[in-house]
**Q** 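A single structure is presented below for examination.
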Number of protein chains: 2
Amino acid sequence: MTTIRDVAKCAEVSVATVSRVMNKNGYVSKEAEEAVLKAIKDLNYKPNSVARSLYHKTSKMIGLLIPDISNPFFPELARAVEDVALTYGYTVVICNTDDDSDKERHYIDALKQKYVDGLILATNQLTMEDYHDLNIPLVMLDRSNNQSTPTVVSKNFEGAKEATELLISKGSRFIAHIRGPYQVKTADDRYLGFKEVVEDRGIAHVVVEAEFNIKSSKQVTQELFDRYPTIDGIFASSDVMAAGVMKATKQLGKRIPEDVQLIGFDGIPLGEMLIPSLTTVTQPIYKMGTIAARLLIKQIEKQPLDIMKYELETKITLGETTRSDSFAKT
Amino acid sequence: MTTIRDVAKCAEVSVATVSRVMNKNGYVSKEAEEAVLKAIKDLNYKPNSVARSLYHKTSKMIGLLIPDISNPFFPELARAVEDVALTYGYTVVICNTDDDSDKERHYIDALKQKYVDGLILATNQLTMEDYHDLNIPLVMLDRSNNQSTPTVVSKNFEGAKEATELLISKGSRFIAHIRGPYQVKTADDRYLGFKEVVEDRGIAHVVVEAEFNIKSSKQVTQELFDRYPTIDGIFASSDVMAAGVMKATKQLGKRIPEDVQLIGFDGIPLGEMLIPSLTTVTQPIYKMGTIAARLLIKQIEKQPLDIMKYELETKITLGETTRSDSFAKT
DNA sequence: GCCTCTTCTGTAACCGGTTACAGATAATAT
DNA sequence: ATATTATCTGTAACCGGTTACAGAAGAGGC
């Protein structure tokens, strides 16, 4: 490995001069600069970022804490964060916390010891105090629970309202909502949106909880139809859950959308792959990731933030799990 | 931030003693050890891994190079690598190369400068020489093109043979294979397995190329049926491609599996979510990831490798895209 | 009492960068 | 001619760990 001292020797200058050339600061004569640049090229010198980190107490790395990369909502988010990070010269470290606070704490400690420059939190099992004590820039992504930390979320409440209204407008009169876990803020917001609409409109409804995976929602759906066979519309809190609903209805011999209409939430690629394709509330996932990354990097680079909380618009993506005409079945 | 010097001062010993206590080497008296441990606890001291890295020239980080984390094959692989890495105290840095050699080179340079301890390559755009010059432990995952580097792949050739035989045994007589890109080794192996069986058995067949995404395979399928409407079996080189096939056949009014049987390759969770659920050649994806990670860490820790090339068994997962009886339609 | 060996400890150099500081030279102002 | 400033350069300290080395103290053998 070539070091700065090798370069200095080769260019017959001091290490300080080499450093000045590389960082373009301080005075360096034309000749010295050329000699250094030539030496760098000849030796194929790449400065060691660990040494740099040690002095600057920064690492050009950011941490991305997510529950689980195998949950299909997160890869696109991660990809967006990485794409932005790359253009600014940052490296992303993805950590799967499994919503386990010990794991999360462990990762945060490890990252801190590596002088990680900032964290994007798409998971939050710890208290805000824990995060605050870190003394590094933070961004909350997809989960907001705090005013003072920059946040990127989509309009879960409004999206859920639209989803529910869509089901009603297309003829559903007894609607079930399969909500996500109670402690998850986004699941709560979607539930509240649903609740507001069905209560306002006086629509029969039922709410059950499931985890954000296919197995759990499939089982919950089966139980749901067991008890309420007349349900004719389902709003699932995520697309993966909606896939579970489809599995269950298929087994039960219910037709989608003729007997039961279905709408999901997220807009992950899976929805399009399903047959029938899923009607869903699409979040701008990639965009959320890019905004979060930029927001974090701005903080790291001490630029002022004009907006602290981004609430992005969702939009309905019409698939084949809702009926095309409003009164196909009454 | 507390440093080792703070701890030394607090415990009234030298930094060397503190270091000796932490690393459990060299002689330390009982009293000194206790004082140091107390100081570490009182000050909540966490050694700085950057400083450690600088001295040891290692980072406890490994790089995972994949084409694209949003391709659903990779999250599970990444998850497996991370889970193993975590238990050995390593941090994983995932890099999306998009099969772009410049990007790959850039990432490798960046990782090298961070003293990354090893790399898992699930992508290979560069020549083996490029990798070899790095002088750090490597593992090839899912793509093998070299004898001297430890490798983890599944039996693509054999899996493809089984897939083709399954279609035939269940009655398909004109089979199309939608293969992956020519330069990808795994796509080639699957193609060769298919070729051997159809040629051996004298089955009518056709092969077309597509990318590993839904859009491309959907379009290719449409063109395929345009030209060969009598195709009654399709072997897709990946599950995502198979989803594209399903989309296309749906639009064309062909029924699966009554008119056309379909089998994919990979065994990603998506397959189960599809309706009908996908028959596929399941690779032990998670296992591949864990083996690759262990193989890499063994090398990093200078342990001998007993096996250089792992070729893992695939298994057929029967879904609803193939017929249950052998002669449903002749 | 003297020598050897084990146990224990601290000083200082090192990893590979960055930069404060001081010293040297050249250019410009007075 | 002298003072002032701008330009240029190298030495050495520093970031926060690790460890070679040397020295001190005590135990045990002769």
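Each chain gets a letter, A, B and so on, in the order its sequence line appears, and its residues count up from 1.
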**Q** Please write out the pairs of protein N or O atoms and N or O atoms of nucleotides 21-28 of chain C separated by less than 3.5 Å, giving the distance to one decimal.
**A**
none

**Q** Once you round it to whole Å, what is the distance between C1' of D:dC15 and CE of B:Met1?
**A** 11 Å

**Q** Determine whether the side chains of B:Asn23 and B:Ser19 contain a donor N or O and an acceptor N or O closer than 3.5 Å.
**A** yes

**Q** Once you round it to whole Å, what is the distance between P of C:dA12 and CD1 of B:Ile4?
**A** 17 Å

**Q** What's the closest nucleotide to the A:Arg5 side chain, out of C:dG17, D:dA12, D:dT18?
**A** C:dG17

**Q** Any residue in residues 39-58 of chain A with a heavy atom nearer than 4.0 angstrom to DNA chain D? Just list them by number, or reply none.
**A** A:Leu54, A:Tyr55, A:Lys57

**Q** So, does B:Asn44 use its side chain to make a donor-acceptor pair with the main chain of B:Lys41 at under 3.5 Å?
**A** no

**Q** Considering residues, nucleotides and ligands other than B:Glu301, do more than 12 of their heavy atoms fall under 6.0 Å from its CD?
**A** yes

**Q** For A:Met22 and C:dT19, give me the distance from atom CE to atom C1', rounded to whole Å.
**A** 13 Å

**Q** With a 4.0 Å cut-off on N to O distance, would you call A:Arg105 and A:Asp109 a salt bridge?
**A** no

**Q** Taking NZ, NE, NH1 and NH2 as the nitrogens, is one of them in A:Asp306 or A:Lys298 under 4.0 Å from a carboxylate oxygen of the other?
**A** yes

**Q** Give me the one residue out of B:Asn96, B:Asp98, B:Thr97 that meets side chain to side chain donor-acceptor pair (under 3.5 Å) with B:Lys103.
**A** B:Asp98

**Q** Calculate the interatomic distance between B:Lys60 atom NZ and D:dG17 atom P; express it in whole Å.
**A** 17 Å

**Q** Figure out the NZ/C1' separation between B:Lys114 and C:dG17, and round it to whole Å.
**A** 14 Å

**Q** With a cut-off of less than 4.0 Å, is there a side-chain N or O of B:Ser19 near OP1 or OP2 of D:dT18?
**A** yes

**Q** So if I take residues 23-38 of chain A and measure heavy-atom distances to DNA chain C, which residues fall below 4.0 Å?
**A** A:Asn23, A:Asn25

**Q** Step through the shown structure and confirm whether more than 12 heavy atoms of other residues, nucleotides or ligands are within 6.0 Å of CD on A:Gln299.
**A** yes

**Q** Go through the steps for A:Asn48 and B:Gln113 under the test side chain to side chain donor-acceptor pair (under 3.5 Å), then give the verdict.
**A** CA-CA 5 Å; A:Asn48 179 313; B:Gln113 288 169 47; over 6 Å; no

**Q** May I ask you to evaluate whether B:Ser14 reaches the phosphate of C:dG10, defined as a side-chain N or O under 4.0 Å from OP1 or OP2?
**A** yes

**Q** Do B:Lys57's NZ or CZ and the ring of B:Tyr115 fall within the cation-pi criteria of under 6.0 Å and 45°?
**A** no

**Q** Should B:Thr17 be listed as having a side-chain N or O under 4.0 Å from OP1 or OP2 of C:dG10?
**A** yes

**Q** May I ask you to decide whether B:Arg79 forms a salt bridge with A:Asp68, counting only side-chain N to carboxylate O separations under 4.0 Å?
**A** yes

**Q** Check this for me, if you would: do B:Arg143 and B:Asp99 make a salt bridge, where the nitrogen-to-carboxylate-oxygen distance has to be below 4.0 angstrom?
**A** yes

